[in-house]
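Okay, structure first, notes after.
Numbers restart at 1 for each chain; the letters A, B, ... are given by sequence-line order, proteins then strands.
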There are 2 protein chains.
Amino acid sequence: MSARDELLRKCLDYFLKHGVANLSLRPLAAAAGTSARMLIHHFGSKEGLIAAVMDQVRARLQSSFEPLITDASKRKPGEIMLGFWKVVTSRKYRPYLRLLFEVQILALQNPRRYQRYLIDTSATWLRLIRRALPRDKSNAVMATLCLAVVDGLTLEYLATGNLSRTSKAIDIFLTLLRKQK
Amino acid sequence: MSARDELLRKCLDYFLKHGVANLSLRPLAAAAGTSARMLIHHFGSKEGLIAAVMDQVRARLQSSFEPLITDASKRKPGEIMLGFWKVVTSRKYRPYLRLLFEVQILALQNPRRYQRYLIDTSATWLRLIRRALPRDKSNAVMATLCLAVVDGLTLEYLATGNLSRTSKAIDIFLTLLRKQK
DNA sequence: GCGGACATGTAACGACTGTTACATTCATTC
DNA sequence: GAATGAATGTAACAGTCGTTACATGTCCGC
């Protein structure tokens, strides 16, 4: 593993802990056991560093959702949504989701700087959900609703830490979906 | 209207445009036609300024949702949710919602600084929705779900600007709710 | 042993940060 | 009319920011 990769890993850890909104090179460098000088040297600029780290975030998340994607055709929609919810609320991925939401919100206020990190986020997830739903004319809208439910409940879970109530809400939603047919 | 109130109004406008994450006194002062010196003089500190502005945001939002709250008992749950959706997606309130989401996300990474601005946000809305739903044992969880739907769809709407698709998703959700009974 | 590319440390640059000291104006009150 | 206190302008403080110039070290191919 190259020195740059090692550094990238430590930077990712720091991002997951401290977010990206108020990121400052010197404290990050100190935590990673190096200097701001070296961060710029390896990543070109602060922008480049953020891009590299966020690419890493996206890669890790995508690999985590890969099983859900590949097995999508063999499962019921409800199972897939529950699978999503399990990953999204696991302690391991909590900081990742926090980071994703942070970038999404920052992009709302500062599109020029952050919007590029959103390219895949919403569209990819929407596409995935659409594949798991019946291919009728309401497919796109229904996928929008399912994504919104997971998003909204994830946000509520991150804010309050109340896993029980939010998980029950997912269950109710899946019940509504079943009764619909 | 006192000079402070006038200043506060201009600061609020600036917050709605530029957010709070990367707020800097000097550009804000320039936009408000004053100096950083005077901002500190009137509000004590940057912290005090943010608190004053966010209080203003909360007050304006609450007054906007007041009709929905007072008439809640006379309407069907679906109507109330649609009313919420109308307010939340109106051009006028778009920047307010952006700001609210921003503060919520910032609070996730920096609770000490921002959590106080969240005190009412989630709990108040949840309480309101609960009052509009049947008082059965699933009341709290159902309210959680409804709030998450509005939250998730609002976020999607803010990010993509696609009002048609997100509005249709709300409609589908309300249809699911009606079929449930 | 030598040269050359790369890694790294030190220190600094200029810009920007919130905040404050000092001076001045202005209106009001005794 | 003098005095007092608030409003405001100017300039600076000490600190942090991303970035860079310069020097030193370190390792590899020849």
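- Atom NZ in A:Lys46 sits roughly 15 Å away from atom P in D:dT16 (whole-Å rounding).
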**OP:** For the pair B:Glu79 and B:Lys86, evaluate salt bridge (charged side-chain N to carboxylate O under 4.0 Å, His left out) and give the outcome as yes or no after the intermediate values.
**Re:** CA-CA 10 Å; B:Glu79 279 181 61; B:Lys86 266 235 172 88; over 6 Å; no
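- Ring pair A:His18/A:Tyr14 is parallel by interplanar angle, where below 30° counts as parallel and above 60° as perpendicular.
- Between the CZ atom of A:Arg4 and the P atom of C:dA7 there is a distance of 11 Å, given to the nearest Å.
- Between A:Phe43 atom CZ and D:dG18 atom P the separation is 15 Å, expressed in whole Å.
- Within the 4.0 Å cut-off from OP1 or OP2 of C:dA7, not a single side-chain nitrogen or oxygen of A:His42 is found.
- If you check every strand for non-hydrogen atoms under 4.0 Å, B:Thr34 touches nothing.
- Between the CZ atom of B:Arg26 and the C1' atom of D:dG9 there is a distance of 14 Å, rounded to whole Å.
- A continuous path of hydrophobic side-chain contacts links A:Val57 to A:Val150 [ILVMFWY only; heavy atoms under 4.5 Å].
- One atom, CD of B:Glu6, and another, P of D:dT8, lie 12 Å apart when rounded to the nearest Å.
- Put simply, A:Ser24 has a side-chain N or O that comes within less than 4.0 Å of OP1 or OP2 on D:dG18.
- In summary, the aromatic rings of A:Phe101 and B:Phe101 are positioned with their centroids too far apart to meet the 6.0 Å limit.
- A residue-by-residue look at A:Asn22 and A:Gly44 shows that A:Asn22 has its nearest nucleotide of DNA chain D further toward the 5' end.
- For the pair B:Leu39 CG and C:dT20 C1', the interatomic distance rounds to 15 Å; values are reported in whole Å.
- Among the heavy atoms of the strands lying under 4.0 Å from B:Leu23 are primed sugar atoms or P, OP1, OP2 only; no base atom is included.
- The nucleotide whose nearest atom lies closest to any side-chain atom of A:Arg37 is, among D:dT19, C:dT20, D:dC22, D:dC22.
- Atom C1' of nucleotide D:dG9 and atom CD1 of B:Ile40 are separated by 16 Å, given to the nearest angstrom.
- The phosphate of C:dA7 (OP1 or OP2) has a side-chain N or O of A:His41 nearer than 4.0 angstrom.
- Remark: P of D:dT10 and CE of B:Met38 are 12 Å apart, rounded to the nearest angstrom.
- A salt bridge links B:Arg58 with B:Asp55: the closest approach of a Lys/Arg side-chain nitrogen to an acidic carboxylate oxygen falls below 4.0 angstrom.
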